[in-house]
Amino acid sequence: MKKKATVLDTSAINRALTRIAHEILEKNKGVEGLMLVGIKTRGLPLANRLRDKIAHIEGVEIPIGELDITLYRDDLKHANTNTEPTLQEAKLNEQISGKNIILVDDVLFTGRTVRAAMDALIDQGRPSQIQLAVLVDRGHRELPIRADYIGKNIPTSQDEVIVVELGETDSNDQVSIYEK
């Protein structure tokens, strides 16, 4: 793959997350009943950053959970691995029933990851509401799913790939577009 451009640097990612934190608080009228749930791998560090920003703004740390949605995906093939995938239990640390859940992920593309995450959440309980926060929305939906909170809309072609790098999982913070 060939890198075309860096579209978000560390400062831009930080500004986008600050804006998303404020939008979450505004839409939900504060932190009451809120819980952030990060979709592994890069949704979890983004959820942690949002939790910290919300705590800084409101003075209250809201609960956070983590979802590994691998077995809920309908578009991932495990046939090439010769091993059965293992179910990773959701680490929610709290009951989700009756809560307003904010699912957090890095990139919204086809919508299949979000659908799988909603299936995984529903297996854990019945939230009052599920909202979606993403750092990047690149379009090309295959399912009728939209984000409630978007850091940046980046229209792409099918031949382009969005790569999100975060300090917690990679060497630095940046979002780049690559060409296949």
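No experiment lies behind these values; they were computed from the predicted model shown.
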- Under the side chain to side chain donor-acceptor pair (under 3.5 Å) rule, collect the residues that match up with E179, sequence neighbours excluded.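 E179 satisfies side chain to side chain donor-acceptor pair (under 3.5 Å) with no residue once adjacent residues are dropped.
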Taking salt bridge (charged side-chain N to carboxylate O under 4.0 Å, His left out) as the test, write out the residues that go with [X], two or more places apart.
X   : result
K3  : none
R42 : D170
R15 : none

With sequence neighbours left out, write down each residue that passes side-chain contact (heavy atoms from CB on, under 4.5 Å) with [X], or none if nothing qualifies.
X    : answer
V7   : I154, V175, I177
A47  : L36, I64, V104
R146 : D148

- Would R51 and I54 satisfy side chain to side chain contact (heavy atoms under 4.5 Å, CB included), going step by step from the backbone distance to the final call? CA-CA 5 Å; R51 178 199 57 207; I54 289 170; 5.9 Å; no
So do [Y] and [X] actually touch side chain to side chain, heavy atoms under 4.5 Å?
X    : Y    : result
V31  : L25  : yes
R115 : T110 : no
I13  : V164 : no

Interatomic distance, [X] atom [atom1] to [Y] atom [atom2] [nearest 0.5 angstrom]:
X    : Y    : atom1 : atom2 : answer
N172 : T6   : CG    : OG1   : 8.5 Å
I69  : D105 : CD1   : CG    : 8.0 Å
I39  : L132 : CD1   : CG    : 7.0 Å
L8   : N14  : CG    : CG    : 11.5 Å
Q174 : T10  : CD    : OG1   : 8.0 Å
T156 : R138 : OG1   : CZ    : 3.5 Å

Qualifying salt bridge (Lys or Arg N to Asp or Glu O under 4.0 Å) pairs with a residue from [range], counting only residues at least two apart or across chains:
range            : value
residues 150-165 : K4-E160
residues 52-61   : none
residues 120-132 : none

Ignoring hydrogens, what is the shortest heavy-atom contact between [X] and [Y]? Give both atom names and the distance.
X    : Y    : value
A16  : G151 : CB-CA, 3.8 Å
A21  : I57  : CB-CD1, 4.1 Å
L67  : A120 : CD2-CB, 4.0 Å
P127 : I122 : CD-CD1, 4.0 Å
L143 : G111 : CD1-O, 3.7 Å
G125 : S97  : CA-OG, 3.6 Å

Same apolar cluster (I L V M F W Y, side chains within < 4.5 Å links), [X]/[Y]:
X    : Y    : result
M118 : L108 : yes
I102 : I62  : yes
L135 : I24  : yes
L50  : L44  : no

- Sole residue of Q131, R19, H22 in side chain to side chain donor-acceptor pair (under 3.5 Å) with Y149: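 With Y149 as partner, side chain to side chain donor-acceptor pair (under 3.5 Å) holds for just one option, Q131.
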- Stepwise side chain to side chain contact (heavy atoms under 4.5 Å, CB included) check, Q129 with N28: CA-CA 11 Å; Q129 186 177 52; N28 292 283; 4.2 Å; yes
- Test ring-ring contact (aromatic ring centres under 6.0 Å, His included) applied to F109 - qualifying residues, sequence neighbours left out: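 So F109 forms a ring-ring contact (aromatic ring centres under 6.0 Å, His included) with H140.
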- If you link I, L, V, M, F, W and Y whenever their side-chain heavy atoms are under 4.5 Å apart, who else ends up in the same group as M1?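 Direct or chained contacts put M1 with V161, V163, Y178.
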- Item | Modelled atom types, side-chain donor and acceptor of S11 and D9, under 3.5 Å |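 No, because no side-chain N or O of S11 sits under 3.5 Å from a partner of the opposite role on D9.
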